[in-house]
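Numbers here are sequence positions counted from 1.
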Amino acid sequence: MMMTTFSMPLVNMFGVGCLAEAVNSMKNDGYKRAFIVTDRTLNEIGMVAKVQSLLSDMGIGSVIYDGTNPNPTTVNVAEGLAILRQHNSDCVISLGGGSPHDCAKAIALLAANGGDIRDYVGIDLSFKPHLPLISINTTAGTASEMTRFCVITDVECHIKMVIADKKITPVLSVNDPELMVGMPKSLTAATGMDAMTHAVEAYVSKEANPITDACALKAITMISQSLRHAVEDGSNIEARESMAYAQFLAGMAFNSALLGYVHAMSHQLGGFYDLPHGVCNAVLLPHVQEFNAKLSAGRLKDVAAAMGVDVRDMNDQQGAAACIAEIRKLSKDIGIPAGLAELNVKLEDLPMLATNALKDICCLTNPVQATHEEIVAIFKAAM
C-alpha cells in the first residue's frame, strides 16, 4: 500500500450567482484591501469593474494588475509584485483563467518569501505563509483556482517553470458559470481539452488513487457530454455549469495524482513558441496515450467507457484504441488543430524541446518512462 496525500482549497463555491456570495464571505473574513491580478481583456470587457463594484459594496477597496500574458511570465510576476508592494493589501484576488491564477500565486509567494520565482521551481520550497488568495474563475479548464501548482514562463530561456507548493493553494475558489458565458469558442475548446487532459493524465498516473480515479472518471464523462454544447452555444448555462464542475473534478484528480508527458511536452511548446496551453495538450493527448497504451491499456479502456464508448466486447488494447479514437473525434468536433505543424512548430526544434520536456516535473508520474528518442518520436507523430 502506498501513502496518499489529498489537498485542495478550504472553501469552493459553484453555481450561478456564487460570485456575490464569495464577496460576502470575503467581507465576513475581514478583508479590507484586495490586490486583483487579471488580464487586459477581462478589464476591457468590464468584468474587473463588476468585481470591484461588488467588493466596494462590501467596503473592500481594490487595486489592479491587468498585465498578465496568456502564458504568464517572470516579467508579469515582477510587475505585479511591484504594484502589490506599493499597497498594503491584505488579500490577493485572481480573476480569469489559469494565467491570472498562476501569476497571482507566484506574486503572493514572492511577496511573502522574497527572492526570485526561479528559486521555487520544485515542490514545497516556500517557507513563509502567503497573503490569502481568492481565485475567481472565468474559464472551464485549467483548475488553477483550486490547485497547488503554478506555471511561469522564464522570458530569458523560454522555458515554462512548474512550481508545486501547498502554500499557494487558494483559500477560496469561485466557479460562477455566468462569468464563463462570454468565453469565445476557441478558448472554450482549448480550456475544455486542457481539463480532459488533466483527467486522463491523472487517471493513468503512477500516483493515481481511488479518490483521484473517481474525480477523473466523472470529469471525463461530464466533459464528453457537455464540451461540444459549450463550444457550440456559449450562452448555454447548463453546459457552462457542467464544464465548471468537470474541470474542477479534473483539478481535484491531478492536484494529487499529478500529470504526465502530455503536460511535460506541452509546457515546452508553450514556453518556446508562446502557444495556447490547452491546444498543445489537445494535439499531444492521443499521441502520448498511444505511447502509454503498452502499459495503461486497461485504464485507457476505462476512459473510453467514461466517454460513452461501449467497451463490453473489447479487450484492453481495443479499448485503448477506442479511447484514443474518441479523444481525436472530440478534438476534431470542437475545432482543435489537427497537428503541431499547423501551430508552426519546427522539426529542427524537436530534440531541444524533448530534452527540456524530460526535465519537467510532470514526467515523474507518467506510467511509462520514455527515452529522449521516444519523446522526439511522439512530437514527430503529433506534427
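- What you find for Ile220 and Ala306 is that their closest heavy atoms are CG2-CB, 3.7 Å.
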Apply salt bridge (Lys or Arg N to Asp or Glu O under 4.0 Å) to Arg299 and Asp316, showing your working.
CA-CA 8 Å; Arg299 291 229 136 203; Asp316 286 356; over 6 Å; no
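- For residues 341-353, the set of pairs meeting the side chain to side chain donor-acceptor pair (under 3.5 Å) definition, not counting sequence neighbours, comprises Tyr273-Asp349.
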Start with the C-alpha gap between Arg118 and Glu156, add the side-chain angles, then the distance that decides, and say whether salt bridge (Lys or Arg N to Asp or Glu O under 4.0 Å) holds.
CA-CA 11 Å; Arg118 297 170 184 88; Glu156 284 165 28; 3.7 Å; yes
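- Screening residues 28-46 for side chain to side chain donor-acceptor pair (under 3.5 Å) gives Asn43-Asp66 as the qualifying pairs, with residues at least two apart or on separate chains.
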Mind running side-chain hydrogen bond (donor to acceptor under 3.5 Å, both in side chains) on His263 and Asn281 for me, showing each step along the way?
CA-CA 7 Å; His263 273 77; Asn281 278 345; 3.2 Å; yes
Apply side-chain contact (heavy atoms from CB on, under 4.5 Å) to Met193 and Ser331, showing your working.
CA-CA 7 Å; Met193 286 308 293; Ser331 276; 3.3 Å; yes
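- At least one side-chain heavy atom of Thr139 sits under 4.5 Å from a side-chain heavy atom of Leu187.
- Distance check, rounded to the nearest 0.5 Å: OH of Tyr203 to SG of Cys323 gives 10.5 Å.
- Partners of Asp124 by salt bridge (Lys or Arg N to Asp or Glu O under 4.0 Å), not counting sequence neighbours, listed by chain and number: Lys166.
- By the 4.5 Å heavy-atom criterion applied to side chains, Leu109 and Ile163 are counted as neighbours.
- Put simply, the side chain of Glu207 never gets that close to the backbone of Leu258: no donor and acceptor are under 3.5 Å apart.
- Take Ala246 and apply the side-chain contact (heavy atoms from CB on, under 4.5 Å) test, not counting sequence neighbours, and it matches Met222, Ile223.
- Here the side chains of Ser135 and Leu133 are in contact, with some heavy-atom distance below 4.5 Å.
- With hydrogens and angles ignored, the 3.5 Å screen pairs a side-chain donor or acceptor of Thr221 with a backbone N or O of Leu217.
- A donor-acceptor contact shorter than 3.5 Å is absent between the side chain of Ser56 and the backbone of Gln52.
- Taking the side chain as every heavy atom from C-beta outward, Phe254 and Glu201 never approach each other to under 4.5 Å.
- Between Pro177 and Gly15, the closest heavy-atom pair is CD-C, 3.4 Å.
- Expressed to the nearest 0.5 Å, how far OG1 of Thr153 lies from CG of Asp274 amounts to 7.0 Å.
- By the salt bridge (Lys or Arg N to Asp or Glu O under 4.0 Å) test, Glu290 pairs with Arg328, sequence neighbours left out.
- Remark: Asn137 CG to Leu95 CG distance equals 9.5 Å, nearest 0.5 Å.
- Residue Cys150 holds its SG atom at 8.5 Å from CG of Asp165, rounded to the nearest 0.5 Å.
- At least one donor-acceptor pair closer than 3.5 Å links the side chain of Asn315 to the backbone N or O of Gln318.
- Not one N or O on the side chain of Thr212 forms a donor-acceptor pair closer than 3.5 Å with the backbone of Ala208.
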Run the side-chain contact (heavy atoms from CB on, under 4.5 Å) check on Leu54 and Met58 step by step: do they pass?
CA-CA 7 Å; Leu54 286 169; Met58 293 294 172; over 6 Å; no
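- Within the 4.5 Å cutoff, the side chain of Lys206 has heavy atoms near those of the Gln369 side chain.
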Derivation and outcome, side-chain contact (heavy atoms from CB on, under 4.5 Å), residues Lys160 and His277
CA-CA 11 Å; Lys160 280 196 171 189; His277 175 65; 4.1 Å; yes
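- A 4.5 Å side-chain heavy-atom check between Phe248 and Cys215 finds every atom pair outside the cut-off.
- Residues Val51 and Val48 have side chains not in contact (no heavy-atom distance under 4.5 Å, counting atoms from C-beta outward).
- Within the model, atoms CG of Leu10 and OG1 of Thr169 stand 10.5 Å from one another, a figure rounded to the nearest 0.5 Å.
- Under the 4.5 Å side-chain criterion, counting only non-hydrogen atoms from C-beta, Ile375 is in contact with Leu358.
- Lys50 is linked by a salt bridge (Lys or Arg N to Asp or Glu O under 4.0 Å) to nothing, counting only residues two or more places apart in sequence or in another chain.
- Note on residues 60-104: no pairs pass ring pair (Phe, Tyr, Trp, His ring centres under 6.0 Å), not counting sequence neighbours.
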Show the atom names and distances, to 0.1 Å, of all donor-acceptor pairs under 3.5 Å that link a side chain in residues 360-367 to residues at least two apart or in another chain.
{"from": "Asp360", "atom 1": "OD1", "to": "Cys362", "atom 2": "N", "distance (Å)": "2.8"}
{"from": "Asp360", "atom 1": "OD2", "to": "His267", "atom 2": "ND1", "distance (Å)": "2.9"}
{"from": "Thr365", "atom 1": "OG1", "to": "Leu259", "atom 2": "O", "distance (Å)": "2.7"}
{"from": "Asn366", "atom 1": "OD1", "to": "Tyr261", "atom 2": "N", "distance (Å)": "3.0"}
{"from": "Asn366", "atom 1": "ND2", "to": "Asn292", "atom 2": "OD1", "distance (Å)": "2.9"}
{"from": "Asn366", "atom 1": "ND2", "to": "Val368", "atom 2": "O", "distance (Å)": "2.8"}

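- Under a 3.5 Å cut-off, the side chain of Thr371 and the backbone N or O of Glu374 do form a donor-acceptor pair.
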Between Thr142 and Asp194, is the side-chain hydrogen bond (donor to acceptor under 3.5 Å, both in side chains) condition met? List the steps.
CA-CA 6 Å; Thr142 70; Asp194 189 20; 5.3 Å; no
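- A donor-acceptor pair under 3.5 Å is formed between the side chain of Asn71 and the backbone N or O of Leu275.
- Residue Leu131 holds its CG atom at 6.0 Å from CG of Leu84, rounded to the nearest 0.5 Å.
- With sequence neighbours excluded, no residue forms a salt bridge (Lys or Arg N to Asp or Glu O under 4.0 Å) with Asp302.
- Remark: the Thr355 side chain and the His372 side chain contain an N/O donor-acceptor pair separated by less than 3.5 Å.
- Counting only residues at least two apart or on different chains, the side chain to side chain donor-acceptor pair (under 3.5 Å) pairs with a member in residues 105-114 are Lys105-Ser144, Lys105-Thr147, Asn113-His130.
- In this structure, Lys301 contributes its side chain and Met314 its backbone to a donor-acceptor pair below 3.5 Å.
- Identified under the side chain to side chain donor-acceptor pair (under 3.5 Å) test for residues 236-258, with sequence neighbours left out: Glu145-Gln247, Asn175-Gln247, Thr188-Arg240, Ser226-Ser242.
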Could you go through Met161 and Val151, starting from their C-alpha distance and side-chain angles, then the distance that decides it, and tell me whether this counts as side-chain contact (heavy atoms from CB on, under 4.5 Å)?
CA-CA 5 Å; Met161 305 176 291; Val151 182; over 6 Å; no
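- Partners of Gln268 under the side chain to side chain donor-acceptor pair (under 3.5 Å) rule, at least two apart in sequence or in another chain, do not exist in this structure.
- Counting non-hydrogen atoms of other residues, nucleotides and ligands closer than 6.0 Å to NZ of Lys332 gives a total of 12 or fewer.
- One N or O on the side chain of Ser99 and one on the backbone of Pro70 form a donor-acceptor pair closer than 3.5 Å.
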